[in-house]
Amino acid sequence: MSGRPILTAERMRAAEQAAIDAGMPVETLMERAGAALAEATVRFGAPLPVLILCGPGNNGGDGYVAARHLADRGIRVRVAALGDPKSDAAKWARSKFNGEVEQLGAETGRAPILIDCLFGTGLKKALQPDLVEQLLRLSTDASVCIACDLPSGAESDSGELLNDVPGFGLTVTFGALKPAHRLMPAMNKCGRVVLADIGLAIDTAWREIGRPDLPPLDPAGHKYSRGLVHALAGKMPGAIALSTVAAARSGAGYVRVSTSRAIDGLPSAIVQTDTAILDDPRIGCILVGPGMGEIPQLLTLALTARAPKVIDADAIGQVGDAERLRGQDAILTPHSGEFVRLFGKLPGNKAEQALEAACRSGAVVVYKGPDTVVASPDGRIGFAPPAPAWLASAGTGDVLAGMIAALRARGLEAFEAACAAVWLHGRAAEIAGPHMIADDLAAAIPAALDLR
Ligand SMILES: NC(=O)C1=CN([C@@H]2O[C@H](COP(=O)(O)OP(=O)(O)OC[C@H]3O[C@@H](n4cnc5c(N)ncnc54)[C@H](OP(=O)(O)O)[C@@H]3O)[C@@H](O)[C@H]2O)[C@H](O)CC1
Ligand SMILES: [K+]
């Protein structure tokens, strides 16, 4: 999967240390980080007067470097410092900045552009209340707020907010994104996240889900080679209708639904049948769960089939023991309630929880929410980019399940199919707009596919 790399604070420091051990001075890394921060500030905020809040560590060091670069470009820049720099690199950066540095406090005057260089990956606890008060005051008075590496108070690995944090329009981070950039609630405070390459070697199986690279259609292909999705309808056929329409619109060559009674309103292109022959070798992916209700035998039937399968919604509640999914080539799509009911409250951040669930079940796990993560038993994790809040409406999960099934049936391997569908689902919602209902979301899938 493409997409920007994501590292925890500890792995970020290890990458930095490896560069330093290989002979790269930390000042060089800081110089590159500060220069990137200054460049992003000018591009994002225009050449307006800037106030930089510098903390005592290397996050503050980045700020002193950025201040120098901005001043060199003729921009009026002031620095308000939280004490003196403690780290050698930050002392070096401070010594190279010739502008005015005041002590951050209640008398610190506002500026149109505010850059938060107080704390980054070295945050250890909540900021002192009076410091939070100054940060909130100065951000409220600014037109543009930019965070260096992380909004101060955002916990790098969990995405938790240890104190009140203002909303930033832009976050400039270095080397790799951190989980907090793509996990709630911190994700909501970061604004647009710009990643600056500062010359670190980054090796990680954790990535932001990027634009999918779907295989081209085979001109000699047929409906089975484009993927046959076989869905199992349950008590509430409306949900499976949304899923099957979404599967068809996502490019499945053939969508079939087993149902005990005709489902009104389904397009004729979606074949309804009252049988469920699942050992058909042409089936590319089985879909079970949307609208299933309490019919455990439907899940049992799906698990008798060799075909890959998407297990969604009510079917998740029927799994019982996650071990049942091992060897099933399954993609599981729980929201938080379904996740906890099946796996219990797991330790770690949301991504680590999803990875643990994937290892326990052998399935690819799509842990849905405003911050969706996709985890594979082989250790890969995809973090979804921000998706519109209006996706929180009935039926959007049914649509996603159909999209995943279609891409799996089309031949993408399970993790790639899930990541691609999550990315397309978010773009389709943006296209459908804030007043969409799930039916509009399904209708917007072709336009989202054209975005690739
Ligand atoms: N990783 C990289 O490749 C690069 C990172 N850069 C920047 O460096 C920071 C991380 O720098 P670090 O010095 O490790 O940490 P911080 O600057 O975030 O803060 C650590 C100092 O702040 C003190 N601290 C921590 N929490 C609090 C708090 N709540 N209140 C007050 N003080 C706090 C801490 O004090 P201790 O004495 O307790 O340790 C430290 O003094 C990263 O985010 C990037 O911006 C490099 O510049 C470029 C390469
Ligand atoms: K910061």
Side-chain angles (χ1 to χ4, degrees), residues 5-22 24-38 40-41 52-67 69 80-94 96 104 114-132 134-135 138-139 145-157 160-166 168 170-181 186 189-191 193-202 204:
I6 294 181
L7 287 180
T8 58
E10 182 185 350
R11 294 200 55 199
M12 194 71 242
R13 281 189 286 272
E16 183 184 352
Q17 192 54 52
I20 294 167
D21 294 347
M24 185 180 297
V26 64
E27 291 80 5
T28 301
L29 292 172
M30 186 170 283
E31 183 69 21
R32 291 174 181 171
L37 177 59
T41 300
I52 303 180
L53 309 182
C54 286
N58 287 355
N59 197 249
D62 295 347
Y64 289 114
V65 172
H69 281 264
L82 181 72
D84 293 331
K86 283 184 187 170
S87 69
D88 293 341
K91 288 173 183 170
W92 165 81
R94 169 71 183 84
K96 306 283 280 183
L104 174 56
L114 177 73
I115 306 181
D116 162 16
C117 296
L118 290 169
F119 305 106
T121 53
L123 182 78
K124 290 195 169 61
K125 54 188 184 298
L127 276 59
Q128 291 298 321
D130 58 333
L131 177 58
V132 173
Q134 301 314 320
L135 177 58
L138 292 165
S139 63
C145 294
I146 298 171
C148 174
D149 208 16
L150 289 158
S152 293
E155 206 285 320
S156 167
D157 295 355
E160 293 307 318
L161 298 176
L162 305 187
N163 48 258
D164 276 351
V165 172
F168 289 87
L170 174 72
T171 295
V172 183
T173 191
F174 316 106
L177 269 63
K178 296 10 175 233
H181 294 129
K189 297 289 186 179
C190 292
V193 177
V194 165
L195 172 60
D197 178 0
I198 56 173
L200 295 174
I202 304 292
T204 177

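Being a predicted model, the structure only gives us computed values, none of them experimental. Ligands are counted one by one from 1 in listed order, and the atoms in each one are counted from 1 as well. Heavy atoms only: backbone and side chains are in, while hydrogens, waters and symmetry mates are out.
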Heavy-atom pair of closest approach, residues Ala66 and Leu37
CB-CD2, 3.7 Å
How about Ile6 and Pro179: do any of their side-chain heavy atoms sit closer than 4.5 Å?
yes
Can you tell me, to 10 degrees, how wide the angle at the K ion (ligand 2) is between O on Cys148 and O on Phe119?
100°
Residue, atom and distance of the protein heavy atom nearest atom 34 (C) of ligand 1 read Lys124 NZ, 4.1 Å
Indicate, as side chain, backbone, both or neither, the part of Asn58 found under 4.0 angstrom from ligand 1 when only non-hydrogen atoms are considered.
both
Within ligand 1, which atoms have a heavy atom of Lys86 less than 4.0 Å away?
35 (O), 37 (O), 41 (O)
State, with a plain yes or no, whether a side-chain heavy atom of Pro56 is found less than 4.5 Å away from one of Phe119.
yes
Determine yes or no for a side-chain-to-main-chain donor-acceptor pair under 3.5 angstrom, with Asn163 supplying the side chain and Pro129 the backbone.
no
side-chain contact (heavy atoms from CB on, under 4.5 Å) with Phe174: which of Ile198, Leu200, Val194?
Ile198
Less than 4.0 Å is my threshold; does some heavy atom of Ser87 fall inside it relative to ligand 1?
no
Looking at SG of Cys54 and CG of Leu82, how far apart are the two atoms once the value is rounded to the nearest 0.5 Å?
10.0 Å
Looking at Leu200, which atoms of ligand 1 are within less than 4.0 Å of one of its heavy atoms?
3 (O)
Residue, atom and distance of the protein heavy atom nearest atom 46 (C) of ligand 1 read Asp62 OD1, 3.6 Å
Heavy-atom pair of closest approach, residues Asp116 and Leu150:
OD2-O, 4.0 Å
Hey, which atoms in ligand 1 end up nearer than 4.0 Å to a heavy atom of Met12?
1 (N), 3 (O)
Closer than 4.0 angstrom: is that true for some heavy atom of Pro56 and an atom of ligand 1?
yes
Do any of the N/O/S atoms of Leu150, backbone or side chain, fall under 3.4 Å from the K ion (ligand 2)?
yes
Among all the protein's non-hydrogen atoms, which is closest to atom 15 (O) of ligand 1, and how far away is it?
Gly122 CA, 3.1 Å
Side-chain donor-acceptor pair under 3.5 Å between Thr8 and Asp157, yes or no?
no
Give the numbers and elements of all ligand 1 atoms closer than 4.0 Å to a heavy atom of Ala126.
29 (N)
Looking only at distances, please establish whether an N/O atom of ligand 1 is found under 3.5 Å from an N/O atom of Gly120.
yes
Rounded at 0.5 Å granularity, tell me how far CG in Leu161 sits from OG in Ser152.
11.5 Å
Pairwise side-chain contact, Arg32 with Met24, heavy-atom cut-off 4.5 Å (strictly under)
yes
Smallest separation among heavy atoms of Gly34 and Val65, with atom names:
CA-CG1, 3.6 Å
Any protein heavy atom nearer than 4.0 Å to atom 40 (C) of ligand 1
no
Tell me: protein heavy atom nearest atom 33 (C) of ligand 1, and distance?
Phe119 CE2, 3.2 Å
Of Ile20, Leu7, Asp149, which has the heavy atom at the shortest distance from atom 42 (C) of ligand 1?
Asp149
Salt bridge Lys178-Asp149, side-chain N to carboxylate O under 4.0 Å:
yes
Contact flag Cys117/the K ion (ligand 2), N/O/S atoms, threshold under 3.4 Å:
no
Using a 4.0 Å heavy-atom cut-off, say whether Thr121 meets ligand 1 through its side chain, its backbone, both or neither.
both
Using a distance threshold of 3.4 Å, state whether an N, O or S atom of Ala147 lies below it from the K ion (ligand 2).
no
Given OG of Ser152 on one side and OD1 of Asp116 on the other, what angle do they make at the K ion (ligand 2), to 10°?
50°
Are any side-chain N or O atoms of Thr121 and backbone N or O atoms of Ala9, one a donor and one an acceptor, separated by less than 3.5 Å?
no
Arg13 N/O under 3.5 Å from ligand 1 N/O:
no
May I ask you to list the atoms of ligand 1 that are less than 4.0 angstrom from any heavy atom of Ile198?
3 (O), 49 (C)
